[in-house]
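Everything on this sheet refers to the single structure shown next.
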Amino acid sequence: MAKAPRCGPYICGIDAALDVVSGKWKGLILWELDAHRVRRFAELRRGLPGVSEKMLTQHLREMEADGLVYREVYAEVPPRVEYSLTEHGRTLNQALGPLGAWGVERMRREGFEVVDVAETSHG
């Protein structure tokens, strides 16, 4: 069953913004695409340890529908699909920067462990 499109009504700007980035993986997808510019599906999946294929597919579709992610399909055999951020996605990622800095400070203050993505993607 398809999820209803996100179109308000909203209480405030935070409500509207969180509607678009809701879900554990969307912020991380934005971060991964911003860091690497262009990623294929398997590269995204390796860069996000713990995400299922189904969840990554669902989030990428929603983010494409919301104008955050551009999906380019190349007419090759086998087909090649690449994902990148749209300008709208880049501005959202920039807006999330202060939230990320807050999270880094929280991890430091609380002594939380950080996942080593390089280690998990090759293991």
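Heavy atoms only: backbone and side chains are in, while hydrogens, waters and symmetry mates are out.
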Should we count CZ of R61 as having more than 12 external heavy atoms under 6.0 Å? no
For M107, what are the other residues in its hydrophobic cluster, where any two members join if their side-chain heavy atoms are less than 4.5 angstrom apart? V104, F112, V114
Which hydrophobic side chains are connected to V38, either touching it within the sub-4.5 Å cutoff or through other members that do? none
Spacing of [X] atom [atom1] and [Y] atom [atom2] [to the nearest 0.5 Å]:
X: K24; Y: H59; atom1: NZ; atom2: NE2; value: 10.0 Å
X: L48; Y: W25; atom1: CG; atom2: CH2; value: 6.0 Å
X: L96; Y: T91; atom1: CG; atom2: OG1; value: 9.5 Å
X: D66; Y: D19; atom1: CG; atom2: CG; value: 7.5 Å
X: Y83; Y: E32; atom1: OH; atom2: CD; value: 14.0 Å

With sequence neighbours excluded, residues passing side-chain hydrogen bond (donor to acceptor under 3.5 Å, both in side chains) with D34: R37, N93
List for me each residue that meets side-chain hydrogen bond (donor to acceptor under 3.5 Å, both in side chains) alongside R90, sequence neighbours excluded, and say none if there are none. E87
Residue pairs meeting side-chain hydrogen bond (donor to acceptor under 3.5 Å, both in side chains), one or both in residues 95-107, sequence neighbours left out, come to E105-R108
Distance-only donor-acceptor hits, side chain of residues 50-57, under 3.5 Å, sequence neighbours excluded:
{"unit_1": "S52", "atom_1": "OG", "unit_2": "M55", "atom_2": "N", "d": "3.0"}
{"unit_1": "T57", "atom_1": "OG1", "unit_2": "E53", "atom_2": "O", "d": "2.9"}

Just one of R39, K26, M63 clears the side chain to side chain contact (heavy atoms under 4.5 Å, CB included) bar with V69, so which one? M63
Can [Y] be reached from [X] by stepping across I, L, V, M, F, W or Y side chains whose heavy atoms are under 4.5 Å apart?
X: V81; Y: L85; value: yes
X: I14; Y: L30; value: yes
X: V73; Y: Y70; value: no

Test item: I29 and L68 side chains (from C-beta on) under 4.5 Å apart, heavy atoms: no
